[in-house]
Amino acid sequence: MTIQSSAQSLPLRVPQPIARPSERGGARDFLSRLLRARLAGVGLIIIFVFTTSAIFAENVSPYSSTKTTLTNRLKPPSEKNLLGTDELGRDILSRVIYGGRVSLQVGVVSVGIALLVGVMLGLIAGYWSNSLLDNVIMRLMDALLSFPAIVLALAIVATLGASKEGEIPKSIWAIGIVTVPAYARLTRGQVLTVREREYVLAAHTVGAPDARIMLRHILPNVTAPLIVQSSLGIAGAILTEAALSFLGLGVQPPTPSWGSMLSAGRGYLDIDPWLVVGPGAAIFLTVLGFNFLGDGIRDVLDPTLRNV
Amino acid sequence: MTRYISKRLLAMLPVLFLVSFVVFMLLHLTPGDPALIMLGEEATPQNLAALRHELGLDQPLPLQFLSWMEHIVRGDLGRSIRTHQQVLEAIVERLPVTIELTALAMLISLFIALPTGIISATRRNSFLDLFSTTGALLGISMPNFFLAILLIFIFAVTLRWLPPIGYTPIQKDLLENIRGMILPAITLGAAASAIVARLTRSSLLEVLSQDYVRTAQAKGLAERTIIYTHALKNAMIPVVTIIGLQIGALIGGAVITETIFVLPGVGSLVVDSIFRRDYPLVQGAVLFISIAHLFVNLVVDILYAFLDPRIRYA
C-alpha cells in the first residue's frame with residue numbers, strides 16, 4: 001500500500017512487469033485471443049451489425065416498419081426497397097431491422113433470466129450436494145429437461161396468453177424458464193470440482209460465511225463455461241422465439257418479428273418468394289453469429305479443443 | 001444389467017411425478033379464469049360453471065392435483081372440451097404420423113452424418129472436410145421452419161417434384177405417403193445431422209490420435225482396418241449419446257415441422273389445441289410427449305450401458 005501511494009505522489013515511473021500484456025492472461029489476453037480466432041471475429045461483427053441496427057432502428061431503417069402502402073404490394077427488391085415490399089406494401093428491410101429488436105431482446109433477456117436463476121440454483125445444489133435441497137432442485141431440473149424445449153415453451157406461452165403491444169413479450173418468460181436447467185446443471189457440475197480446491201478450503205478454515213465463499217470464491221471460477229453456454233444459449237433462444245412467432249404465439253402484429261414475417265411470407269411463395277428471404281436470412285445470420293462467438297470463446301478458454 | 005435398469009426406473013419416479021405437477025400447474029398459470037379463457041367472453045354463467053365443474057376447477061387446488069394424479073395413473077388424460085374425445089385416444093390416433101416422421105428424420109440424418117463425419121476425420125483438412133464442416137456449422141444455425149420454406153419453394157413450387165404440404169395415410173397409398181414425407185423428414189433431420197456429423201468427426205479424430213491406434217499403424221495394419229475395426233467402435237460411444245439427445249430435439253422439432261407441412265401428428269395436435277384453447281388436450285399431449293421423451297432417453301441409456309459396460313459400474 002505504501003509503495004503504491006508513494007508511486008502516485010512521486011513523478012517516478014513504477015517499473016512495468018516483465019511479461020507483455022499478451023502473455024499475461026486475464027481479460028485483455030482473452031479478448032486478443034478471441035479476435036484472433038477468425039470465426040469468433042466474424043460472429044462478433046454479425047452481432048454488432050444486427051444489434052446496432054436494432055437499437056438505432058429509427059435512424060437506420062429507410063421507412064416505417066408498420067406503414068402500409070397498398071399500391072406498392074409484393075414488390076421484388078429494387079433501389080427503393082432493397083428487400084422488396086410485403087403483402088401490405090410495407091418495406092421489408094425496415095421490418096427486418098425493427099424485427100431484430102424483438103429477437104435480440106428476447107434472446108438476451110431470456111438467457112439473462114435463465115442465467116440468474118440457473119446459476120443460483122446450481123450454486124446452491126453444488127455447494128450442498130447430496131442434501132435434500134440439492135435433490136429437490138436437481139429433480140425439478142430433470143423434470144423441466146424432460147420436456148422438449150419448444151413444447152414446454154409453447155405450453156407456457158399458451159397459458160400466459162398473447163402479448164399485447166408495447167408489453168414485454170411473454171416468450172421471454174417461457175424461453176427463460178425452459179433454459180434454466182442447462183445453466184443449473186452446468187453450474188452445479190463446475191461447483192463440485194471447484195469447491196474441493198485449496199483456496200475454498202482455506203476460506204472455510206478462516207470462517208468465511210457460506211454466501212461469501214459461494215459468491216466470492218466459487219462463482220468467479222465457474223464462469224468460463226457459463227459464458228460459452230450463454231452465447232450458444234442466445235442463439236437457441238432467438239431460434240425458439242422465431243419459432244413461437246412463426247406459429248403465431250410470439251409478439252402480435254403489427255409489431256414486426258422475424259418469425260411472423262416468415263410465416264406471412266410463406267403464403268406468397270409462388271407469387272413473391274422474396275418475402276421470406278429477408279427475415280429468414282436475418283434469423284440465420286444472427287443465430288450463426290452467436291454460435292460462432294460461442295464456439296470461438298470455447299476454443300480460447302479450452303485449448304485442448306483447439307484444432308479438433 | 002437388471003439391477004441397472006431397475007435402478008434407473010426407480011430414479012425416474014420422482015421425475016415423472018414432477019413432470020405431471022408441472023403440466024398440472026400449466027392450467028393454473030393462466031392469468032384469470034381458465035374456464036372463461038377456454039369458452040370466450042360470450043359464454044353464459046351456466047356454461048362456465050358447468051365447465052369449471054367438469055374440469056374440477058371448483059375444488060381446492062390440492063384436491064384438484066390429487067384427482068389429476070389419480071386419473072393419470074389410470075391412463076385417463078381427460079376429454080377434449082371441444083370434441084369430447086378421450087385425450088389419450090386423440091393422441092394415439094395421431095401417433096403413427098409422428099413416429100414415422102421422426103424415424104425417417106433420424107434415418108436421413110444418420111445416413112448423411114455418419115459418412116460425412118468419418119470422411120471429414122480421415123481426410124482431415126481436405127476440400128471435402130472443409131465443405132462438410134462448413135456445411136455442418138451452417139446447418140446448426142438454420143431455423144428448421146426457414147429450411148422447410150426453402151425446400152417447399154425449390155422442390156414443390158419450382159420443380160414440382162414433391163407435394164408442398166399434406167399427408168397421405170400409408171394404408172391408402174404407400175408411394176404418395178413417402179413422397180409427402182420426404183421434405184418434412186429432411187427439414188426435421190437437417191439440424192440433427194449437422195450435430196451428429198460434427199461430433200463423429202471430432203470424436204473419431206480424438207480416437208485416431210490415441211496410442212493403440214499408433215500401435216495398430218506400427219503393426220502395419222491397413223488404414224481401413226484401423227479406422228473401421230479399431231477406431232470407429234470407440235469413437236461411436238459419445239455419438240450414441242448425442243443421438244439419444246437428438247431424439248428429444250426431433251420430438252420438439254416435429255411440432256413445427258408437422259404444423260408447416262400440415263401433417264396430422266401429435267406435434268400439430270399441440271399447436272391446434274392451443275389455438276382452439278382446448279387446454280385438457282394441450283395438457284394431455286404435452287404430458288404424453290414428455291413421458292415418451294423420458295422413456296426414449298431411458299432406452300437409449302440402457303442401450304448405451306449395454307454397449308459400454310464401463311457405464312454400469314460408474
Side-chain angles (χ1 to χ4, degrees), chain A residues 39 135-136 139-161 173 177 232 235 238-240 242-244 246-249 258-259 262-263 265-266 269-270 273 275-277 279-281 283-292 295 304-305 307-308, chain B residues 11 14-19 21-23 26-32 34 37 137-138 140-146 148-150 152-153 156-158 164 201-202 205-206 248-256 259-260 267 270-271 273-275 277 279 282-283 285-286 289-291 293-294 297:
Chain A
L39 285 183
N135 262 307
V136 170
R139 291 303 78 73
L140 191 65
M141 295 298 109
D142 286 347
L144 284 180
L145 273 178
S146 70
F147 298 93
I150 181 85
V151 175
L152 185 58
L154 263 175
I156 296 175
V157 170
T159 45
L160 290 178
W173 301 108
I177 294 171
L232 300 176
I238 290 175
L239 273 182
T240 312
L244 291 175
F246 182 83
L247 294 174
L249 289 160
W258 294 339
L262 260 184
S263 174
R266 167 172 73 131
L269 222 45
D270 45 347
L275 238 59
V276 298
V277 174
I283 302 172
F284 174 63
L285 284 174
T286 331
V287 171
L288 194 70
F290 280 105
N291 277 336
F292 276 176
D295 278 358
T304 56
L305 286 173
N307 305 323
V308 167
Chain B
V15 178
L16 279 175
F17 175 80
L18 284 169
V19 164
F21 178 70
V22 171
V23 174
L26 276 177
L27 186 63
H28 299 276
L29 276 177
T30 31
I37 291 172
L137 211 56
L138 300 182
I140 289 173
S141 307
M142 187 73 170
N144 53 7
F145 41 92
F146 186 41
I149 292 174
L150 293 183
I152 292 176
F153 178 68
V157 176
T158 312
R201 177 181 184 271
S202 63
L205 273 179
E206 203 186 309
L250 286 183
I251 297 174
V255 174
I256 296 162
T259 310
I260 298 176
V270 175
V271 178
S273 358
I274 285 175
F275 282 111
R277 304 218 174 107
Y279 284 166
V282 175
Q283 281 182 302
V286 169
I289 289 176
S290 66
I291 291 178
H293 181 204
L294 270 173
N297 274 334

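Every chain is numbered from 1 and lettered A, B, ... according to where its sequence line falls, protein lines coming before strand lines.
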(Q) Is B:Y279 close to chain A through its backbone or its side chain, or both, or neither, when contacts mean heavy atoms under 4.5 Å? (A) side chain
**Q.** Spacing of A:N291 atom CG and A:L239 atom CG [to the nearest 0.5 Å]
**A.** 8.0 Å
Q: To the nearest 0.5 Å, tell me how far A:L275 CG sits from B:I149 CD1.
A: 10.0 Å
Q: Identify which part of A:A149 has an atom lying under 4.5 Å from any heavy atom of chain B, answering side chain, backbone, both or neither.
A: neither
Q: Heavy-atom distances under 4.5 Å only: say whether B:V22 touches chain A with side chain, backbone, both or neither.
A: side chain
Q: Let me know if B:I260 has heavy atoms under 4.5 Å from chain A in its side chain, its backbone, both or neither.
A: both
Q | Toward chain B, the part of A:A153 with a non-hydrogen atom under 4.5 Å | A | neither
Q) Side chain, backbone, both or neither: which part of A:L145 has a non-hydrogen atom closer than 4.5 Å to chain B? A) backbone
Q. Who wins among B:L138, B:L250, B:N144 for the most heavy-atom pairs under 4.5 Å with chain A?
A. B:L138
Q. Are A:L160 and A:I156 side-chain neighbours, meaning at least one heavy-atom pair lies under 4.5 Å?
A. yes
Q.
Using a 4.5 angstrom heavy-atom cutoff, name the option from B:V157, B:V286, B:V255 with the most pairs to chain A.
A. B:V286
**Q.** Atom pair OG (B:S141) and CG (B:L137), whose distance is rounded to the nearest 0.5 Å
**A.** 6.5 Å
Q. With respect to chain B, which residue among A:I238, A:V287, A:L144 yields the maximal number of heavy-atom pairs within a distance under 4.5 Å?
A. A:V287
Q. What residue in B:P164, B:P143, B:G248, B:A148 has the most heavy-atom pairs under 4.5 Å with chain A?
A. B:P143
Q) Side chain, backbone, both or neither: which part of A:A243 has an atom under 4.5 Å from a heavy atom of chain B? A) both
Q. How far does NE2 of B:H28 sit from OG1 of A:T159, to the nearest 0.5 angstrom?
A. 11.0 Å
Q. From B:F275 CZ over to A:L249 CG, what is the distance, rounded to the nearest 0.5 angstrom?
A. 4.0 Å
Q.
The criterion is side-chain contact (heavy atoms from CB on, under 4.5 Å); which residues satisfy it with B:R277, sequence neighbours excluded?
A. B:I37, B:R82
(Q) For chain B, which candidate among A:I150, A:D295, A:L262 shows the most heavy-atom pairs at distances under 4.5 Å? (A) A:L262
Q: Please name the pair of heavy atoms, one in A:P148 and one in B:I251, separated by the smallest distance, quoted to 0.1 Å.
A: CG-CG2, 4.1 Å
Q: Look up atom CZ in A:F147 and atom CG in A:L154, then write down how far apart they are to the nearest 0.5 Å.
A: 12.5 Å
Q. Are any non-hydrogen side-chain atoms of B:M142 and B:L150 less than 4.5 angstrom apart?
A. yes
Q: Check whether A:F284 gets within reach of chain B through its side chain, its backbone, both or neither, counting any heavy atom under 4.5 Å.
A: both
Q: Tell me, for B:V271 versus chain A, whether the close heavy atoms (under 4.5 Å) come from the side chain, the backbone, both or neither.
A: side chain
**Q.** Which atoms of A:F290 approach chain B - backbone, side chain, both or neither, heavy atom under 4.5 Å
**A.** neither
